[in-house]
Every structure is written in C-alpha cells, then in structure tokens.
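The chain is numbered in sequence order, starting from 1.
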Amino acid sequence: MPIEFTSRSFNEGFWYYRPGENFPPPGLSDPAAYNGGEKLSIIGAASASPKDQAKLTGRWVQVLPTLKNVRILWISNKVSQAMFEAVCEMRGLEALWLKGSGIKSLESVLKLEQLQCLHIGSSTRLESIVPLPHLKQLKWLELENI
C-alpha cells in the first residue's frame with residue numbers, strides 16, 4: 001500500500017510530528033523491542049557507553065535487512081555508512097528519515113525502489129547526491145546541511 005499524500009502533508013510536511021497518530025512511534029534502542037509494525041523509530045540508548053552504543057548499532061545493522069514489514073523508518077542517532085547500507089537492504093521501505101549521518105556515499109539508496117519520502121539531516125561528509133534523481137518513486141525529498 002503506497003504512502004498517501006494529502007493536502008495536510010503538503011501544508012505541514014510529510015514528516016510533521018504527529019504523536020497522536022503514532023508518527024513517529026516511540027523510539028527503540030534495542031532491536032529486540034521491535035514488535036513487527038510498519039513504522040519503526042530507532043534512537044540511541046541514552047545511558048549507554050560508546051562501546052555499548054556501538055554494539056547496539058551492530059545489532060541493528062544485522063537486523064534491519066530482515067525487517068520485511070517496515071515501510072516507514074526514522075533513525076534519530078547518527079547513521080554510519082554500515083547502518084545506511086543495512087537500511088538500503090530493506091526493499092519494502094517507502095519512507096526514510098535520518099537525523100544525521102556520517103554517510104559518504106548514497107549509492108546503495110538505489111536499492112530502495114519503493115522509496116517515496118526521504119529526509120537526510122546533517123550529513124556533512126556526503127560526497128554526492130547524484131543517485132537521488134534515479135529514485136523513480138521519490139515524491140518527497142528533504143536535505144539539510146549536506
């Protein structure tokens with residue numbers, strides 16, 4: 001089922017915060033807490049040490065490609081290239097919101113053939129946005145501080 005765009009989407013923005021509509025859903029830091037829904041919000045573990053945070057990120061990198069039900073994904077912690085590559089294996093993904101990243105290459109985004117909405121927050125290491133015009137289904141694009 002494709003994402004539906006309404007006049008509200010265009011007035012407020014697709015990614016407009018709507019907690020009463022579970023948009024985004026509560027953030028998860030541990031992949032084991034994911035319940036199988038179509039919306040997933042990933043956050044960092046506030047009290048985790050850098051070492052523990054890296055372990056959690058590694059677990060997400062392993063799990064993300066296996067999550068077939070996720071259509072809309074928010075990632076609020078800094079996205080590494082490895083995590084981005086894992087996200088790009090989520091072939092059913094229709095919307096992706098990244099708060100910020102250390103991504104250098106967007107080339108793998110071309111695997112997301114169903115992607116309609118994309119927000120890339122602060123990503124100052126990004127070398128090129130050349131792949132973006134090749135996303136045939138993309139209808140909503142937001143780029144910030146790249």
Side-chain angles (χ1 to χ4, degrees), residues 1-3 5 8-9 12-135 137-146:
M1 175 179 181
I3 292 173
F5 294 94
R8 181 178 178 189
S9 301
E12 297 175 345
F14 176 79
W15 296 105
Y16 186 76
Y17 180 65
R18 302 183 297 275
E21 298 171 27
N22 199 33
F23 198 90
L28 305 177
S29 59
D30 188 336
Y34 172 64
N35 67 4
E38 292 184 335
K39 299 175 195 165
L40 172 60
S41 178
I42 299 172
I43 60 172
S47 61
S49 69
K51 183 178 177 180
D52 288 341
Q53 186 63 46
K55 285 180 184 177
L56 278 172
T57 298
R59 288 177 52 207
W60 279 113
V61 167
Q62 291 178 333
V63 169
L64 284 170
T66 70
L67 304 181
K68 305 298 181 202
N69 292 338
V70 178
R71 293 177 51 230
I72 304 174
L73 175 63
W74 291 259
I75 304 179
S76 296
N77 46 328
K78 189 172 182 179
V79 176
S80 65
Q81 188 70 45
M83 190 160 193
F84 181 71
E85 299 296 328
V87 167
C88 291
E89 295 299 324
M90 300 174 72
R91 303 300 167 88
L93 205 58
E94 296 176 20
L96 174 61
W97 186 90
L98 306 175
K99 180 177 182 177
S101 81
I103 299 168
K104 288 185 177 183
S105 172
L106 288 175
E107 200 63 36
S108 293
V109 78
L110 297 174
K111 295 178 184 179
L112 297 175
E113 295 177 357
Q114 305 304 313
L115 196 64
Q116 297 176 52
C117 302
L118 176 61
H119 170 94
I120 300 175
S122 187
S123 298
T124 57
R125 300 177 82 196
L126 194 59
E127 295 172 350
S128 172
I129 61 169
V130 168
L132 297 181
H134 301 286
L135 292 169
Q137 302 299 317
L138 195 64
K139 296 177 178 112
W140 195 278
L141 175 64
E142 297 175 356
L143 301 173
E144 174 187 326
N145 195 28
I146 59 169

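- Between Ile72 and Leu40, the closest side-chain pair of non-hydrogen atoms is not below 4.5 Å.
- Considering every non-hydrogen atom in both Ser101 and Ser123, the closest pair reads OG-OG, 2.7 Å.
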Item to complete: Decide salt bridge (charged side-chain N to carboxylate O under 4.0 Å, His left out) for Arg91 and Glu89; before the verdict, give the C-alpha distance in whole Å, the side-chain angles of both, and the deciding distance to 0.1 Å.
Response: CA-CA 6 Å; Arg91 303 300 167 88; Glu89 295 299 324; 3.1 Å; yes
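- Of all the heavy atoms in Pro26 and Asn22, the pair that sits closest is CD-OD1, 3.4 Å.
- A side-chain donor-acceptor contact under 3.5 Å links Gln81 to the backbone of Ser105.
- Aromatic rings of Phe23 and Trp74 (six-membered ring for Trp) have centroids within the 6.0 Å cut-off, being under it.
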Worksheet item: After noting the C-alpha distance and the side-chain angles of Glu142 and Trp15, does the key distance pass the side chain to side chain contact (heavy atoms under 4.5 Å, CB included) rule?
Response: CA-CA 10 Å; Glu142 297 175 356; Trp15 296 105; 3.6 Å; yes
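- Under the 4.5 Å side-chain criterion, counting only non-hydrogen atoms from C-beta, Leu73 is in contact with Met90.
- Of the possible polar contacts, one joining the Arg18 side chain to the Tyr16 backbone as a donor-acceptor pair under 3.5 Å is found.
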Discussion item. Please evaluate residues Trp97 and Cys117 with respect to the criterion side chain to side chain contact (heavy atoms under 4.5 Å, CB included), reporting the C-alpha separation (whole Å), side-chain torsions for both, the decisive distance (0.1 Å), and the verdict.
Written reply: CA-CA 8 Å; Trp97 186 90; Cys117 302; over 6 Å; no
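- Within the 4.5 Å cutoff, side-chain heavy atoms of Asn77 are placed close to those of Gln53.
- Between the side chain of Asn69 and the backbone N or O of Gly36 there is at least one donor-acceptor pair closer than 3.5 Å.
- A distance of 10.5 Å separates NZ in Lys139 from CZ in Phe14, rounded to the nearest 0.5 Å.
- Between the Thr66 side chain and the Leu64 main chain, no donor and acceptor come within less than 3.5 Å of each other.
- Between Ser128 and Leu126 there is no side-chain heavy-atom pair separated by less than 4.5 Å.
- Rounding to the nearest 0.5 Å gives a distance of 12.0 Å between NZ of Lys78 and OG1 of Thr57.
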Discussion item. Could you walk me through whether Leu135 and Val109 satisfy the side chain to side chain contact (heavy atoms under 4.5 Å, CB included) test, starting with their C-alpha distance in whole Å, then the side-chain angles of each, then the deciding distance to 0.1 Å, before giving a yes or no?
Written reply: CA-CA 8 Å; Leu135 292 169; Val109 78; 4.1 Å; yes
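- In this structure, Phe84 and Ser108 approach most closely via the heavy-atom pair CE2-CB, 4.5 Å.
- The side-chain heavy atoms of Leu106 and Ile120, taken from C-beta on, include a pair separated by under 4.5 Å.
- Heavy atoms only, all atoms of each residue included: Arg59 and Asp30 are closest at NH2-OD1, 2.6 Å.
- For the side chain to side chain contact (heavy atoms under 4.5 Å, CB included) with Leu118, the lone residue among Leu143, Leu96, Leu112 that qualifies is Leu96.
- Counting only distance, with no hydrogens or angles, the side chain of Lys51 and the backbone of Ala48 share no donor-acceptor pair below 3.5 Å.
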Discussion item. Could you walk me through whether Val87 and Leu93 satisfy the side chain to side chain contact (heavy atoms under 4.5 Å, CB included) test, starting with their C-alpha distance in whole Å, then the side-chain angles of each, then the deciding distance to 0.1 Å, before giving a yes or no?
Written reply: CA-CA 8 Å; Val87 167; Leu93 205 58; 3.7 Å; yes
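- Looking only at side-chain heavy atoms (C-beta outward), Lys99 and Val79 stay at 4.5 Å or farther from each other.
- The neighbour count for Lys104 NZ, taken as heavy atoms of other residues, nucleotides or ligands under 6.0 Å away, does not exceed 12.
- Summarising the geometry, atom CD belonging to Glu94 is positioned 5.0 Å from atom CD1 belonging to Ile3; distances are rounded to the nearest 0.5 Å.
- Between Leu56 and Pro31 there is a side-chain heavy-atom pair separated by less than 4.5 Å.
- Residue-environment remark: NZ (Lys39) exceeds the threshold of 12 foreign heavy atoms within 6.0 Å.
- Put simply, the side chain of Ser80 gets close to the backbone of Met83: a donor and an acceptor are under 3.5 Å apart.
- Proximity of Leu28 to Ile43: side-chain heavy atoms (C-beta onward) are nowhere separated by under 4.5 Å.
- Remark: side-chain polar atoms of Trp60 are not paired, donor with acceptor, to backbone N or O of Lys55 under 3.5 angstrom.
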